[in-house]
Amino acid sequence: MISFRQMNEDDIAAGLSLCRAVGWNQLARDWEIFLKLNRQGCLVAENNNIVIGTVTAMRYQSSLSWIGMVLVNPLFRGQGLGTKLLGEILKSIPYKGTIKLDATSAGREVYKKLNFVDQYRICRMEGIASVKTGGAFNIRPIQPKDLDAIANFDHAIFGADRSELLQLLFEGAPHLAFMIKEGNNILGYCFGRNGYQFMQVGPIVAINNNVAKELAIAALKSCVGQQVILDVITLNDEWINWLISIGFTEQRSFMRMCRGTNIYPDMIDKQFAIVGPESG
């Protein structure tokens, strides 16, 4: 008998166990962020009181949800549990609006049956952080007083307010948080987070490729010698070719998908790395 219920802090260990079973990068802090930002949008599937599946829905503003962390215990795959988890989370979203997600190749076929449509491809670039020369812009570490201005800058580009998430990213890895300003104008910023296998740099949001490169260089200097991933939109050949030139290679890909009217369209030409497929 399989049942569904809201996730709580006691379930984080089970969520981490599912992550390890499929080789995902999340840590306990990632699950804590999901619970903090939208507890009602974190569900588990149980069999005999043992957690065998998860799904989350981040919420941005009143009309945008982001589905992620669709995990099923390998012993229970092939029984439609992933589809059932999606059905439960879709029922839990208390409004009509935009729902987005980043799908694996296998998951994409399931989402298409639930009326999600393709937007664009995202690839995960992996490499070892090394010291590179930068310095064309006045780059500096982000400070707490900068977060409101960064959230406003990000809002126009991401398409919705994710200030709470950005605050939590900064608190979790301030050594990966940098910004570039020209006078009173923000030209770009980046954050990052720790992971089980890789450091993840992202989001990187910037007005152009050159600003994005300087931000990436600064973040990579903060984790020299470590394995790093960036999840990047594949529509910018110059950006991807630059990442390849500094030693990054494509690890895997996702498809950005959307269901419902896209009330919050994003500026994809100014997003050089996303937070991650679980939250956009």
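The first residue of the sequence shown is numbered 1, and numbering continues consecutively from there.
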With the side chain counted from C-beta on, respond yes when Gln197 and Ile229 share a heavy-atom pair under 4.5 Å apart, and no when they do not.
no
Using 4.0 Å as the upper bound for N to carboxylate O, is an ion pair formed by Arg5 and Asp11?
yes
Which atom of Ile233 lies closest to which atom of Gln271, heavy atoms considered
CD1-O, 3.9 Å
For the residue pair Glu238 / Asn209, report whether a side-chain donor-acceptor contact shorter than 3.5 Å exists.
yes
Answer yes or no for Arg140 and Phe178: cation-pi contact, defined as NZ/CZ to six-membered ring centre under 6.0 Å and angle to ring axis within 45°.
no
Verdict with reasoning, Thr234 to Ile122, per side chain to side chain contact (heavy atoms under 4.5 Å, CB included)
CA-CA 6 Å; Thr234 60; Ile122 293 169; 5.6 Å; no
Between Arg20 (side chain only) and Trp24 (backbone N and O only), is there a donor and an acceptor less than 3.5 Å apart?
yes
Hey, any chance Phe272 and Ile274 share a hydrophobic cluster, counting ILVMFWY side chains that come within less than 4.5 Å of each other, even indirectly?
no
If the plane angle is over 60° it's perpendicular, under 30° parallel, otherwise tilted; pick one for Phe34 and Trp31.
perpendicular
Search all heavy atoms of Met7 against all heavy atoms of Leu35 and return the closest pair with its distance.
O-CD2, 3.6 Å
Side-chain contact, heavy-atom cut-off 4.5 Å: Phe153 with Asp146?
no
Only one of Arg124, Arg252, Arg193 clears salt bridge (Lys or Arg N to Asp or Glu O under 4.0 Å) with Asp231; which?
Arg124
Looking only at non-hydrogen atoms, find the nearest pair between Asp266 and Phe158 and report the distance.
CB-O, 3.2 Å
Mind listing the closest non-hydrogen atom pair of Thr56 and Cys42 along with its distance?
CG2-SG, 4.1 Å
CG-OG distance between Asn152 and Ser163, expressed to the nearest 0.5 angstrom
8.5 Å
Check for me, please, whether Leu43 and Val72 land in the same ILVMFWY cluster - side-chain distances under 4.5 Å, paths through other members count.
yes
hydrophobic_cluster_shared for Val117 and Leu114, side chain cutoff 4.5 Å:
no
Does Ile207 belong to the same Ile/Leu/Val/Met/Phe/Trp/Tyr cluster as Leu235, with side-chain heavy atoms less than 4.5 Å apart forming each link?
no
At what distance, to the nearest 0.5 angstrom, does CD of Glu88 lie from CG of Leu86?
10.5 Å
Do the non-hydrogen side-chain atoms of Met69 and Val55 ever get within less than 4.5 Å of each other?
no
When clusters are formed by joining ILVMFWY residues with side-chain heavy atoms under 4.5 Å apart, either directly or through shared neighbours, do Ile2 and Leu75 land in the same one?
yes
If we only count heavy atoms from C-beta on, is the Val228 to Gln200 side-chain gap below 4.5 Å?
no
Is there side-chain contact between Phe191 and Leu166, with heavy atoms separated by less than 4.5 Å?
yes
Do the side chains of Glu9 and Arg39 get close enough for a salt bridge, i.e. N-O under 4.0 angstrom?
yes
Within the supplied structure, the quantity of interest is the number of heavy atoms (other residues, nucleotides, ligands) at a distance under 6.0 Å from Tyr120 OH; does it exceed 12?
yes
Does Ile268 reach the side chain of Ile157, with side-chain heavy atoms less than 4.5 Å apart?
no
Partner set under side-chain contact (heavy atoms from CB on, under 4.5 Å) for Ser17, not counting sequence neighbours:
none
What verdict does the side chain to side chain contact (heavy atoms under 4.5 Å, CB included) test give for Leu147 and Phe170, after you've listed the backbone C-alpha separation in whole Å, the side-chain angles of each residue and the deciding distance to 0.1 Å?
CA-CA 9 Å; Leu147 292 173; Phe170 172 73; 3.9 Å; yes
State whether a side-chain donor-acceptor pair under 3.5 Å links Asn236 with Asp269.
no
Taking atom OG of Ser65 and atom CZ of Arg59, what is their separation to the nearest 0.5 Å?
6.5 Å
Hey, mind stepping through Asn194 and His175 against side chain to side chain contact (heavy atoms under 4.5 Å, CB included) and telling me if it holds?
CA-CA 11 Å; Asn194 301 308; His175 64 291; 4.1 Å; yes
Does this structure show an ion pair linking Glu109 with Lys112, if we count only N-O contacts that are shorter than 4.0 Å?
yes
Around Lys181, counting heavy atoms of other residues, nucleotides and ligands shown, do more than 12 lie under 6.0 Å from its NZ?
yes
Holding to side-chain contact (heavy atoms from CB on, under 4.5 Å), I want the full list of residues that pass it with Ala103, two or more places apart in sequence or in another chain.
Leu101, Arg108, Tyr111, Met257
CG of Leu169 to CG of Leu165, rounded to nearest 0.5 Å, is 4.5 Å
Can you list the steps and then say if Ile180 with Glu214 is a side chain to side chain contact (heavy atoms under 4.5 Å, CB included)?
CA-CA 9 Å; Ile180 296 174; Glu214 294 294 329; 3.9 Å; yes
In Å, rounded to the nearest 0.5 Å, how long is the span from OG1 of Thr98 to CG of Leu64?
6.0 Å
Is Glu250 salt-bridged to Arg121, going by a charged N under 4.0 Å from an acidic O?
yes
So do Thr249 and Leu243 actually touch side chain to side chain, heavy atoms under 4.5 Å?
no
Would you mind reporting whether Cys19 and Leu71 have side-chain heavy atoms less than 4.5 Å apart?
yes
Say whether Asp161 and Tyr60, considering side chains only, have a donor N or O and an acceptor N or O under 3.5 Å apart.
no
Rounding to 0.5 Å, atoms CE (Met125) and CZ (Phe248) come to a distance of 8.0 Å
What heavy-atom pair brings Cys123 and Ile240 nearest, and what distance separates the two atoms?
SG-CD1, 4.3 Å
Is there a donor-acceptor contact under 3.5 Å linking the side chains of Gln6 and Gln40?
no
On a heavy-atom basis, the closest approach of Ser222 and Leu176 is CB-CD2, 3.9 Å
